[in-house]
Amino acid sequence: MKIYNTLTSKKEEFVPLDSGKVDMYVCGITAYDVCHLGHARSAIVFDVIKRYLRHSGFQVRHTRNITDVDDKIIARAKKEGVSTGEIANRYSEEYYRDMDMLGVSRADIEPKATEHIKEMVDLIKGLVERGYAYDVNGNVYFEVSKFSAYGKLSKRNLDEMMAGARVEVDERKKSPLDFALWKASKEGEPSWKGPWGPGRPGWHIECSAMSMKYLGQGFDIHGGGADLIFPHHENEIAQSEAFTGKPFVKYWVHNGFITVDKEKMSKSLGNFFTIKEILEKYDPEVVRYFLLATHYRSPIEFSDAQLSEAEVSIDRYYSTVLRINDFEEDTALAQGVTEPRAAEEFEKLLASVKDKFKDAMDDDFNTALALGCIFELIREVNKFLDARPSGQKAGELVAKSKEVLTELGSVLNIFNRTPHEWYISLMRVKNVGFTEGDILNEITRRHEARQKKDWAAADAIRKELEGKGIILEDKKEG
RNA sequence: GGCGGCGUACCCAAGUGGCUAAGGGGGAGGUCUGCAAAACCUUUAUUCAGCGGUUCAAAUCCGCUCGCCGCCUCCA
């Protein structure tokens with residue numbers, strides 16, 4: 001298995017520190033507002049990475065934090081006149097609702113910053129003792145120049161950064177590059193007791209403290225969006241390695257952005273679409289498919305047209321499953337003899353699809369290629385069924401293909417519903433003004449018309465349903 | 001300004017030295033069907049932004065040019 005490591009800028013063979021076990025830490029959200037599609041991408045990407053590592057036999061311990069104290073949370077609380085805890089709770093709940101909808105599994109450990117103040121204080125104390133941090137009027141800063149490897153993740157050196165540094169408002173710092181570990185609290189802000197006076201932790205320190213607590217002083221994978229590389233992850237490395245003297249993380253993994261008109265979707269630009277509003281128009285599986293149809297490191301241009309295409313693709317998948325089910329229910333087909341050459345070819349293909357899927361995922365989690373493999377199988381299943389196979393052997397092969405489809409889908413956590421569930425959900429999303437019962441009635445009426453060969457009436461009903469966005473597909477039995 | 005990335009068909013998107021450049025969507029033609037739809041078949045890139053170089057061999061490596069984007073401030 002190969003993973004692209006931001007630290008080395010190369011794809012590397014994945015070898016966990018402790019064979020068979022993988023410890024991964026992924027930066028979660030700051031709970032100050034609802035999540036947009038960019039958050040969804042990161043969550044889904046690492047959800048799939050976790051699922052695939054497990055599928056490949058690794059024992060995975062997944063940690064994902066929630067930042068529940070921070071400038072933006074404080075600002076929002078002030079604006080609304082409520083407590084920071086209330087803001088953090090509200091948006092954590094929203095976050096979980098969105099993630100559950102999108103099929104993102106919970107992490108094994110989901111630590112919150114406010115519940116780990118002690119660990120952070122201990123870490124900061126250690127850094128001060130070791131001479132990496134200094135205290136100015138109750139604020140503690142990390143002195144970047146003391147950590148010689150600073151810049152190794154984001155590939156820049158101190159001189160370049162000094163040259164590019166923007167006007168720094170905080171004059172207490174020795175260098176504009178130094179960053180806060182502990183911030184003295186102002187009036188009305190949440191604060192905790194610390195050796196430097198009442199205050200709250202800086203943003204970066206929480207991930208170092210919590211990852212060390214739950215995963216140890218060195219672990220396998222640390223992930224997040226590419227915008228966290230600098231300064232967040234760079235700072236995490238500085239803090240952690242200065243404290244322990246050991247390598248912090250073996251593989252750094254970063255996902256690419258969602259763009260709108262080629263520009264990064266972000267809060268500050270205001271060009272974002274929330275998960276909630278997208279889910280009003282599209283099934284969650286469509287969103288998941290859309291995000292996985294591009295490699296995780298490439299940018300994805302947000303587009304309604306692409307989401308609709310994703311919907312069509314998924315529909316193709318479920319149509320095929322429906323055909324498989326129909327085949328299996330048709331007991332008459334159990335008789336007869338399977339054409340041996342077609343069966344043999346199909347059997348070979350089934351085995352190769354599984355291998356190709358594995359190769360794709362082993363190559364830096366290439367979900368786009370992996371989905372391609374699934375659709376290759378879909379086409380072949382349709383082809384096989386088109387030949388009207390019958391007999392025991394054919395039955396076994398069709399059952400086997402369904403099994404393979406289910407297995408591959410489960411790794412990506414898509415394609416795991418029944419066609420019926422898919423169509424019902426589609427009706428909900430499309431706001432079809434019909435209930436399932438209405439439709440069945442119409443179908444029965446049309447069926448009667450067809451029996452009488454009253455084509456005009458039958459077509460009228462079909463047309464009416466089509467106007468509502470429902471497409472009837474006739475089968476042999478009607 | 002510094003650092004990094006990207007540019008593959010009508011659209012989206014895999015492919016990073018060598019068998020026919022995946023897959024999806026769309027278009028065109030056909031098979032099937034009461035008519036449709038779906039499905040299947042054929043077709044839609046002798047070519048990978050442009051130019052030059054390395055090599056027996058390049059979309060893939062190197063250089064330059066053009067265009068787009070990201071990070072350098074909070075950001076998934």
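To find a chain, count down the sequence lines: A is the first, B the second, and so on, and within it residues start at 1.
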Self-check item: Pairing partner of B:C68 (Watson-Crick or G-U wobble, both distances under 3.5 Å)
Solution: B:G5

Quiz prompt | Contact summary for A:Cys27 and A:Glu236, nearest pair of heavy atoms | solution = SG-OE2, 4.0 Å

Quiz item: Watson-Crick or G-U wobble partner for B:G34, using a 3.5 Å limit on both distances?
Solution: none

Self-check item: Minimum heavy-atom distance A:Phe415-A:Leu371, with the two atoms named
Solution: CE1-CD2, 4.2 Å

Quiz item: Does A:Lys281 count as lying over the ring of A:Phe273, i.e. NZ or CZ under 6.0 Å from the six-ring centre, within 45 degrees of the axis?
Solution: no

Quiz item: For B:A22, which nucleotide is its Watson-Crick or G-U wobble mate, given both distances must be under 3.5 Å?
Solution: none

Practice problem: Starting at atom CZ of A:Phe415, determine the distance to atom P of B:G23, rounded to an integer number of angstrom. | Solution: 16 Å

Quiz item: Can you tell me how far C1' of B:A36 sits from CD1 of A:Ile461, to the nearest Å?
Solution: 15 Å

Quiz item: From B:A76, B:A36, B:C40, pick the nucleotide closest to the side chain of A:Met265?
Solution: B:A76

Exercise. Tell me whether the OP1 or OP2 atom of B:A76 has a side-chain N or O from A:Lys264 closer than 4.0 Å.
Key: no

Self-check item: Selection from B:A37, B:A14, B:A76 that lies nearest to any side-chain heavy atom of A:Glu473
Solution: B:A37

Practice problem: Could you check which of B:A76, B:C35, B:C40 has an atom nearest any side-chain atom of A:His36? | Solution: B:A76

Quiz item: Can A:Arg106 be said to sit on top of A:Tyr96's aromatic six-ring, NZ or CZ under 6.0 Å from centre and within 45° of the ring axis?
Solution: yes

Quiz item: Between A:Leu371 (CG) and B:C12 (P), how many Å, whole number?
Solution: 18 Å

Quiz item: Is any N or O donor-acceptor pair between the side chain of A:Asp459 and the base of B:G34 shorter than 3.5 Å?
Solution: yes

Practice problem: Pick the P atom in B:C32 and in B:A21, then give their distance to the nearest Å. | Solution: 32 Å

Practice problem: Searching all strands shown, indicate the nucleotide that pairs with B:U16 (Watson-Crick or G-U wobble; both distances under 3.5 Å). | Solution: none

Quiz item: Looking at B:A76, does its base get a donor-acceptor pair with the side chain of A:Arg41 below 3.5 Å?
Solution: no

Quiz item: Is a donor-acceptor contact shorter than 3.5 angstrom present between the side chain of A:Glu376 and the base of B:G23?
Solution: no

Exercise. Please determine, for B:C51, whether a Watson-Crick or G-U wobble partner exists with both distances under 3.5 Å, and give it or none.
Key: B:G63

Exercise. Measure from the side-chain heavy atoms of A:Arg450 and tell me the nearest of B:A22, B:G24, B:G34.
Key: B:G34

Quiz item: To the nearest angstrom, how far is A:Leu349 atom CG from B:A22 atom C1'?
Solution: 14 Å

Exercise. May I have the distance from A:Leu426 (atom CG) to B:A38 (atom C1'), rounded to whole angstrom?
Key: 15 Å

Exercise. Look at the side chain of A:Thr294 and decide which nucleotide, out of B:A14, B:C74, B:C71, has an atom nearest to it.
Key: B:A14

Quiz prompt | Upstream residue (5' side of RNA chain B) when A:Ser266 and A:Ser313 are each assigned their closest nucleotide | solution = A:Ser313

Practice problem: Could you tell me the separation between the CG atom of A:Leu377 and the P atom of B:A39, rounded to a whole number of Å? | Solution: 15 Å

Quiz item: Of all the nucleotides listed (B:C71, B:A13, B:A39), which has the minimum atom distance to the side chain of A:Ala368?
Solution: B:A13

Self-check item: A:Asn255 CG to B:C71 P, straight-line distance once rounded to whole Å
Solution: 13 Å

Quiz item: Given B:U16, B:G23, B:C72, which nucleotide is nearest the side-chain atoms of A:Asp363?
Solution: B:U16

Quiz item: Under the 6.0 Å and 45° cation-pi test, does A:Arg64 pair with A:Phe46?
Solution: no

Quiz item: Do A:Arg388 and B:C32 have a side chain to base donor-acceptor pair shorter than 3.5 Å?
Solution: no

Exercise. If B:U46 has a Watson-Crick or G-U wobble mate with both distances under 3.5 Å, name it; if not, just say none.
Key: none

Practice problem: Would you check if A:Trp455 stacks with the base of B:G34, given a 5.5 Å centroid limit and a 30° plane limit, both strict? | Solution: yes

Quiz item: If we ignore angles and hydrogens, is there a donor and acceptor under 3.5 Å between the side chains of A:Glu206 and A:Asn65?
Solution: yes

Exercise. Check A:Lys358, A:Met361, A:Lys356 against A:Cys373 for a side chain to side chain contact (heavy atoms under 4.5 Å, CB included) and give me the one that passes.
Key: A:Lys356

Quiz item: Of all the nucleotides listed (B:C69, B:A39, B:C74), which has the minimum atom distance to the side chain of A:Ser268?
Solution: B:C74

Self-check item: Distance, C1' atom - from B:A36 to B:C69, rounded to whole angstrom
Solution: 46 Å

Self-check item: Distance below 4.0 Å between A:Asn157 side-chain N/O and B:C3 OP1 or OP2
Solution: no

Quiz item: At under 4.0 Å, does any side-chain N or O of A:Arg323 touch on OP1 or OP2 of B:A38?
Solution: no

Quiz item: Expressed in whole Å, how much space separates the C1' atoms belonging to B:G52 and B:C12?
Solution: 32 Å

Practice problem: Please determine, for the side chain of A:Arg316, which listed nucleotide (B:C74, B:A76, B:C40) has the closest atom? | Solution: B:C40

